[in-house]
Amino acid sequence: MLYLEHTPAPPLNRFVRMLWYARVPQANHSRERVLPTGNTQVILNLARDYLLDCPEGEPDRRSPGAAVIGARSIYEIVSTSDMADLIGLVFEPGGFPAFAADRADLFSNRSVDLEDVWGTQVRGLRDRLRELAAPKARLLCFERFLAGTFRARIQQARPMHHCAVDYALRRFAHLPSMGTVRDVARSTGWSERRFSQVFREQVGLSPKVWCRIQRFQRAVTQLHAGVDVPWANLALDCGFYDQSHFANEFRAFSGVDVTTYSARRTPWANHIAAGPVE
């Protein structure tokens, strides 16, 4: 197994959190459950010309080999065969609209053919990436493509409503709570409804759902690290009301309970084996 992450240079890094490359020739399970992070991503399969769509309880279906994965508020199932030679990127919250010239919420909880967003130049990008043998060279090639293709958009001054979303994201990073959503909305000078609309269009999810996912992610990070604390304490540390609230929210986002998550962990915090490990 090989996995690399790369942080792009400025100004691209204001929009793209990281580029990544994965090579997993053979996993010991056929499907993985991917937990929601709230971030929009792009993935390109370099091993074959399609990705597998894996509806739970249904046979795999072929989908385009390069896709935008919109911000998700619930888990999805993926095929580990797609990870044989895979490259992608994770956008910063609010960073995706500049690369789509459209609202982020139109992509939420959906996978969209990347050619429908970036055009046929995606085919040339995949061909260039395939020609390069070294993973690091592939990541740098991907970065150069993004920096060159979207140079004009990422160098534009950000409108005022973008600044309000940036401010909200900073506040939510420290205290992702429903009370904070109301406070932030008031501090922007907008109504809570207007603030929620702007936030959803830029980030892909409503501020309330975003905060719930960030709280869930705090718990996932600690569980994956093997933090040995009672679940009641973990729940409070991560901002849940109590252990019952924690358990209900964890299942709502992941589709499994905490014990199952711990038993099926993989090297990635947000991936767990879907079904028994062979």
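Worth saying up front: this structure is predicted, and the values here are computed from it rather than measured.
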[X] versus [Y]: any side-chain heavy-atom pair under 4.5 Å?
X: F145; Y: Q121; value: yes
X: V184; Y: Y167; value: yes
X: L44; Y: F142; value: yes
X: C54; Y: V78; value: no
X: H6; Y: Y21; value: no

Is the side chain of [X] donor-acceptor paired with the backbone N or O of [Y] at a distance under 3.5 Å, no angle test?
X: T80; Y: S30; value: yes
X: D257; Y: A247; value: no
X: H224; Y: T266; value: yes
X: R264; Y: A274; value: no
X: Q217; Y: P36; value: yes
X: R14; Y: I154; value: yes
X: Q214; Y: T37; value: yes
X: N45; Y: Y50; value: yes

Mind running salt bridge (Lys or Arg N to Asp or Glu O under 4.0 Å) on E192 and K208 for me, showing each step along the way?
CA-CA 11 Å; E192 188 171 347; K208 291 183 178 179; 3.7 Å; yes

Can the positive tip of R153 be found less than 6.0 Å from the middle of the six-membered ring of F99, inside 45° of the ring normal?
no

Determine, step by step, whether L35 and W268 satisfy the side chain to side chain contact (heavy atoms under 4.5 Å, CB included) criterion, reporting the C-alpha distance in whole Å, the side-chain angles of both residues, the deciding distance to 0.1 Å, and the verdict.
CA-CA 10 Å; L35 309 184; W268 298 287; over 6 Å; no

I would like to know whether V122 and D113 meet side chain to side chain contact (heavy atoms under 4.5 Å, CB included); could you show each step before the answer?
CA-CA 10 Å; V122 172; D113 187 344; over 6 Å; no

Check: F250 ring centroid to F216 ring centroid under 6.0 Å:
yes

Do W118 and F150 make the cut of ring centroids closer than 6.0 angstrom?
yes

Audit row: R48, S81, side-chain hydrogen bond (donor to acceptor under 3.5 Å, both in side chains) steps and yes/no:
CA-CA 10 Å; R48 59 195 184 196; S81 66; 2.8 Å; yes

CA sep, side-chain torsions, deciding dist, call: D237, R218, salt bridge (Lys or Arg N to Asp or Glu O under 4.0 Å)
CA-CA 9 Å; D237 289 345; R218 289 184 179 184; over 6 Å; no

Is a side-chain donor-acceptor pair under 3.5 Å present for N13 with E92?
no

Quick one: do I43 and W20 satisfy side chain to side chain contact (heavy atoms under 4.5 Å, CB included)? Show the steps, please.
CA-CA 9 Å; I43 58 174; W20 55 265; 3.5 Å; yes

salt_bridge(R130, D85) N-O dist < 4.0 Å
no

Could you tell me whether E56 and R33 have a side-chain N and a carboxylate O separated by less than 4.0 Å?
yes

Pairwise distance CD1(I213) to CD(E249) - rounded to 0.5 angstrom:
10.0 Å

Results of side-chain hydrogen bond (donor to acceptor under 3.5 Å, both in side chains) for Q222 - residues two or more places apart only:
none

Hphob cluster co-occupancy, V90 + L129, side-chain heavy atoms under 4.5 angstrom:
no

